[in-house]
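Data block below; observations after.
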Amino acid sequence: MKLRTLEDLGDVSGRRIFVRADFNVPLDDRGVADDMRIRATVPTIRELLDGGANLVLASHMGRPHGEVREELRLAPVGARLAELLDRPVLALASTVPETLPEDPLIMLENLRFDPGEEANDPLFAGGLAELSDAYVDDAFGAAHRAHASVSALPELMLATGRPAVAGRLLQREVEVLGRLLHDPARPYVAILGGAKVSDKLATIMALVERVDALLIGGAMAFTLIAARGGAIGDSLVEPDRFDEVSAAIERAAERGIAIVLPRDVVAAQERSAEVPVRTVAADDIPAGWKGLDIGPDTVAAFADVIASAATVLWNGPMGVFELEPFAAGTLGVAEAVAASDAFTVVGGGDSLLAVRQAGLDVAFDHLSTGGGASLEFLEGRALPGITILEDDL
Ligand code: ADP
Ligand code: MG
C-alpha cells in the first residue's frame, strides 16, 4: 500500500489547494484549550504555503449534526493557527461559500454544520470540489468515517482529473502504524485500557492475532476477569460481552500468547477523589467496591513485559486517571513505556492526554492523532479516507 503524497502534486505555485485537516480540538472561553491537533498539521500547511500555494482549509468540530452551532464555530481555530503560522488566516462563516476571496489562506466553517458532510453527500462534495484544483487530506482522525470531505470529495476530484493526496501528518501515521500492522519488531506488546470493552472488542480480537503479549487494564479488564469467574464487586462490567472476551482469551491460549490481566486494583466505594481507597486482589473485590485503577503489583508486572518489548502500542488509560487517587497506574505504565528501548506508539484521546500531562510525550516515538482511526487501522481494516489516496500501481 503506497499513498500519493505532496510530491505527487508537482509544482503548487499559484494553485488553490483544498486541505482537509483535523481541527477537532477542545475549546474553552479563551479559545483553543489544546492545540496539539492544529500543530500536527502545520508542517503540511507550511510546506504548501512555502511552495506558493493558496489554501482552503477545512475541518469538522464536535457533533453539530448538520446545524449551525455558535459554540462550534472554527474562528478560534483560525486565530490559533494564525499565531502558529505567524500570518493571517481568513476564517469564513460559511461552509460552502459561493465565491472565494483572494486571500492566500482561507478556512471554511465547520464542515458538520452542513448535513451533507456526515451523509457523504455528492452534492455537498461537489460544492467543495469547486473551490480548488487539488486535494490534500491531513485528517487522520477522520479517516475511518466515510464523510463527504474525506470520501466523496477526493473521489470527485480524481474523477475530474484533479489530484487527491495525503499530507505529511497522514503520511507519517500510515507509515508508522503500517509498520505495526505489517512488520512490527518483535516482541510486539499492546496495552489496552479505557472504559468500555465493547468499544475495543474488535481491536482485542485483531491484536490477539498479531501481538506477542496483550496487557489489559482500565475498566475493560473487569469484563475479562468476571468472564473467568472473578469477583469484581461493583466495578464496571459488560456481561453481554462475556462470550466474546472468552473467545479472545481462548484464541490467545491457542496462539500461545499472554493476555495479562490486573492482579491487584485500587478500589473505592465511589468514583470520587474524596473517599477512602483500598488495594485489593483484582478477582476478589468486595461487594460495594469498584476497581478504579490497576494496583502497584500490576504496574510492576506490566512494566516487566514492557521492558522486554521491541514494539509497544498503547491505547486507553489504566484507571480513572482524571482523579488523583486513581492516576498512579496510568502514570506507572506511561513511565514504563517511556523508559523502554522499544518503538513506542500511543493513541487515543485520553491516553495521549495522560502521557502529555506527565510530560512523557517526548519519550514516545509516535503520538497518534487518531483514536478510533488508529485502532481501526491497526485492526487491518480499510479506512475510506485512506484507500482513496492509495496508488493502485
Ligand atoms: P482513550 O480516549 O485513550 O481511547 P477511552 O476513552 O477508551 O480512552 O477511556 C478513557 C476513560 O476510561 C477515562 O475517562 C477513564 O476515567 C476511564 N476508566 C479507565 N479505567 C476505569 C475504571 N477502572 N473504572 C471506570 N472508568 C475507567
Ligand atoms: Mg476517550
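Keep in mind it's a predicted model, so treat the numbers as computed, not measured. Because only heavy atoms are used, hydrogens play no part in the values below, and waters and symmetry mates are left out as well, while side chains stay in. Counting starts at 1 for both ligands and their atoms, in listed order.
Put simply, no part of Asp199 is less than 4.0 Å from ligand 1, judged by heavy atoms. The closest approach between Met220 and ligand 1 stays at or above 4.0 Å for every heavy atom of the residue. The shortest separation from a heavy atom of Gly291 to ligand 1 is under 4.0 Å, placing the residue in contact.
The existence of a salt bridge linking Arg251 and Glu209 is confirmed by a sub-4.0 Å separation between a basic side-chain nitrogen and an acidic carboxylate oxygen. For Asp283 and Arg228, the salt-bridge test fails: no basic side-chain N is under 4.0 Å from an acidic carboxylate O. The pair Arg20-Glu117 meets the salt-bridge criterion, with a side-chain N (NZ, NE, NH1 or NH2) lying under 4.0 Å from an Asp/Glu carboxylate O. For the pair Asp22 and Arg37, the salt-bridge criterion is met [side-chain N within less than 4.0 Å of a carboxylate O]. Salt bridge status for Asp35 with Arg80: present, with a side-chain N to carboxylate O gap under 4.0 Å. With respect to Asp50 and Arg46, no salt bridge is recorded, no charged nitrogen being found less than 4.0 Å from a carboxylate O.
Here the heavy atom of the protein found nearest to atom 4 (O) of ligand 1 is Lys200 NZ, 3.1 Å. Closest protein heavy atom to atom 6 (O) of ligand 1: Asp350 OD2, 3.0 Å. The nearest protein atom to atom 12 (O) of ligand 1, hydrogens excluded, is given as Ala195 N, 3.2 Å; this is a heavy-atom distance. Nearest to atom 27 (C) of ligand 1 among the protein's heavy atoms is Val320 CG2, 3.6 Å. Looking only at heavy atoms of the protein, atom 21 (C) of ligand 1 is closest to Ala219 N, 3.4 Å.
No N or O atom of Asp293 sits closer than 3.5 Å to an N or O atom of ligand 1. Residue Pro317 has no nitrogen or oxygen atom sitting less than 3.5 Å from a nitrogen or oxygen atom of ligand 1, judged on distance alone. Between Glu322 and ligand 1, at least one N/O pair is under 3.5 Å apart.
With a 4.0 Å cut-off on non-hydrogen atoms, Val265 does not touch ligand 1 at all. Contact annotation for Lys290 and ligand 1: no heavy atom of the residue comes within less than 4.0 Å of the ligand. With a 4.0 Å cut-off on non-hydrogen atoms, Leu236 touches ligand 1 through its side chain and not its backbone. Under 4.0 Å from ligand 1, not a single heavy atom of Lys196 appears.
For Glu270, the CD atom is loosely surrounded, since the number of other residues' heavy atoms within 6.0 Å does not exceed 12. Within 6.0 Å of the CD atom in Glu71, the count of heavy atoms belonging to other residues, nucleotides or ligands exceeds 12.
With Gly319, Gly218, Gly372 as candidates, the residue nearest to atom 18 (N) of ligand 1 on a non-hydrogen basis is Gly319.
As for Asp350, its N/O/S atom nearest the Mg ion (ligand 2) is the one called OD2.
Taking every non-hydrogen atom of Arg271 and a distance limit under 4.0 Å, the qualifying atoms of ligand 1 come out as 16 (O), 25 (C), 26 (N). Ligand 1 places these atoms under 4.0 Å from at least one heavy atom of Ser351: 1 (P), 3 (O). Interface of Gly316 with ligand 1, defined as ligand atoms under 4.0 Å from a residue heavy atom, comprises 3 (O), 8 (O).
Considering only heavy atoms from C-beta on, Val245 comes within 4.5 Å of Leu201 through its side chain. Counting heavy atoms from C-beta outward, Leu81 and Leu57 have side chains that approach closer than 4.5 Å.
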Would you check, one step at a time, whether the test salt bridge (Lys or Arg N to Asp or Glu O under 4.0 Å) holds for Arg186 with Asp212? CA-CA 7 Å; Arg186 293 188 182 276; Asp212 301 296; 3.0 Å; yes
Let's go through Ser374 and Glu173 carefully: what are the C-alpha distance in whole Å and the side-chain angles of both, what is the deciding distance for side-chain hydrogen bond (donor to acceptor under 3.5 Å, both in side chains) to 0.1 Å, and is it a yes or a no? CA-CA 8 Å; Ser374 56; Glu173 292 273 11; over 6 Å; no
